[in-house]
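All chains are named by letter (A, B, ...) in the order of the sequence lines, taking the proteins before the strands, and each is independently numbered beginning at 1.
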Protein chains: 2
Amino acid sequence: MKKKVHTECLSALLPVRDTLDIIGGKWRILILISIWEGNRHFREIERSIPKLSTKVLAKELKDMELNKLITRTVVNGFPVRTEYAPTEYSKTLQKLIRELQNWGLKHRQEVFGKVTEIHRRCC
Amino acid sequence: MKKKVHTECLSALLPVRDTLDIIGGKWRILILISIWEGNRHFREIERSIPKLSTKVLAKELKDMELNKLITRTVVNGFPVRTEYAPTEYSKTLQKLIRELQNWGLKHRQEVFGKVTEIHRRCC
DNA sequence: GTAATCAGTAACCTTTAGGTAATCAAGAAA
DNA sequence: TTTCTTGATTACCTAAAGGTTACTGATTAC
């Protein structure tokens, strides 16, 4: 007498992986929010996020451009400027991020029994 | 003339990190779904997820228990059995996972212009 | 007697993510 | 002239995540 249990709707989870790959890094959401908030230039973004290194930022910006979350425009001129801007499309992530935040907030309550004061609202 | 741009609502993002730490691993959502689907024993879960190793499964199950997503009950007996079961609380993640899935699905359309057939629905 | 089952654990190795520091060329400010 | 700023790139290193293989002890099936 065998139990028949299946998990072969595994492929349906690929989109979940896709999403997590895009927002899952240590910095990606931070960078996205920085750009949403109005930071447009490389150094500006870099300075807005403490401890973020140029190398990681450069890499993440490339990925985010590929994923159509931001646009990159080189403005020829004096010291050569590059402009990053959020796409309209990127804003479809906002709802998701808010829900990740809400769940995380409730989870602290569930696991620790209370909310740490640091966590409030934003964005 | 300086632009004033702030990103110091950074601490509000900690709950987002919390959530991603819990569902963000390579296997965690897979394991959770396997248990939701009815797999209850260690080997059962292990077999239901191809390529998942015992070491990783053992570690993830511990984490998930700490996070109150599952319960672990040892049933004394013949070859010693352990039962894992999903908590009611774990189900609060289902909505979130579905949204990660939906966004990922739409994202493929946005980036590649079409949906790959593999991706449908589940859970 | 041998093999397989259960739920793991331990030692070790590889891969990936992320961090550090130096460097690039061109112009602008000191 | 020297230094600073721009947007990066490169080489190198560390830490964490994940994978591989072997093994445990008790029991049951062959």
- CG of A/Leu61 versus P of C/dG18: gap in Å, rounded? 14 Å
- Query: Do any pairs count as a side-chain hydrogen bond (donor to acceptor under 3.5 Å, both in side chains) and have a residue in residues 50-62 of chain A, sequence neighbours left out, and if so which ones?
  - Reply: A/Arg28-A/Glu60
- Task: For A/Ile22 and C/dA17, give me the distance from atom CD1 to atom P, rounded to whole Å.
- Result: 14 Å
- To the nearest angstrom, the CD1-P distance between B/Ile70 and C/dA7 comes to 13 Å
- Item | B/Leu20 CG - C/dA17 C1' separation (whole Å) | 15 Å
- Item | Spacing between A/Lys51 atom NZ and C/dG19 atom P, to the nearest angstrom | 10 Å
- Query: So, is B/Lys62 close to the C/dA7 phosphate, meaning a side-chain N or O under 4.0 Å from OP1 or OP2?
  - Reply: no
- Item | Distance in angstrom units between B/Glu46 CD and D/dG19 C1', rounded | 13 Å
- Query: Nearest-Å distance, CD1 (B/Ile45) to C1' (C/dA7)?
  - Reply: 11 Å
- Message: Can you identify which nucleotide, out of D/dA8, D/dT20, C/dG18, has its nearest atom closest to the A/Arg43 side chain?
- Response: D/dA8
- Message: Tell me if a side-chain donor or acceptor on B/Ser34 pairs with a main-chain N or O of B/Asn39 at a distance below 3.5 Å.
- Response: no
- Below 4.0 Å: OP1/OP2 of C/dC6 and any side-chain N or O of B/His41: no
- Query: Side chain of A/Lys55: nearest nucleotide among C/dT20, D/dG7, C/dA7?
  - Reply: C/dT20
- Hey, does the side chain of A/Trp27 come within less than 4.0 Å of C/dA17's phosphate (OP1/OP2), counting only N and O? no
- Hey, does A/Arg72 reach any base, or is it just sugar-phosphate, or nothing, if we go heavy atoms under 4.0 Å? sugar-phosphate
- Does OP1 or OP2 of D/dG7 have a side-chain N or O of A/Arg47 closer than 4.0 Å? no
- Query: Donor-acceptor pair, B/Thr82 side chain versus B/Val74 backbone, under 3.5 Å?
  - Reply: no
- Task: Examine distances only and state if a side-chain atom of B/Glu46 and a backbone atom of B/Phe42 form a donor-acceptor pair shorter than 3.5 Å.
- Result: no
- Query: Do B/Thr54 and C/dT9 have a side chain to base donor-acceptor pair shorter than 3.5 Å?
  - Reply: yes
- With distance as the sole test, does A/Asp18 use its side chain to make a donor-acceptor pair with the main-chain N or O of B/Gly104 at under 3.5 Å? no
- Query: Considering only heavy atoms and no angle criterion, is a donor-acceptor pair shorter than 3.5 Å present between the side chain of A/Lys26 and the base of C/dG18?
  - Reply: no
- D/dT10, D/dG7, C/dG8: which one has an atom nearest the side-chain heavy atoms of B/Tyr84? C/dG8
- Between C1' of D/dA17 and CD1 of B/Ile23, the distance in whole Å: 17 Å
- Task: Determine: side-chain N/O of B/Ser53 to OP1/OP2 of D/dG18, distance under 4.0 Å, yes or no.
- Result: no
- G-U wobble or Watson-Crick pairing nucleotide for C/dA22 (cut-off 3.5 Å, both distances): D/dT9
- Message: Would you call the rings of A/His107 and B/Tyr89 parallel, tilted or perpendicular, taking 30° and 60° as the class edges?
- Response: parallel
- Message: Using a distance-only criterion (donor-acceptor N/O pair, under 3.5 Å, no hydrogens), is the base of D/dG7 paired with the side chain of A/Arg81?
- Response: no
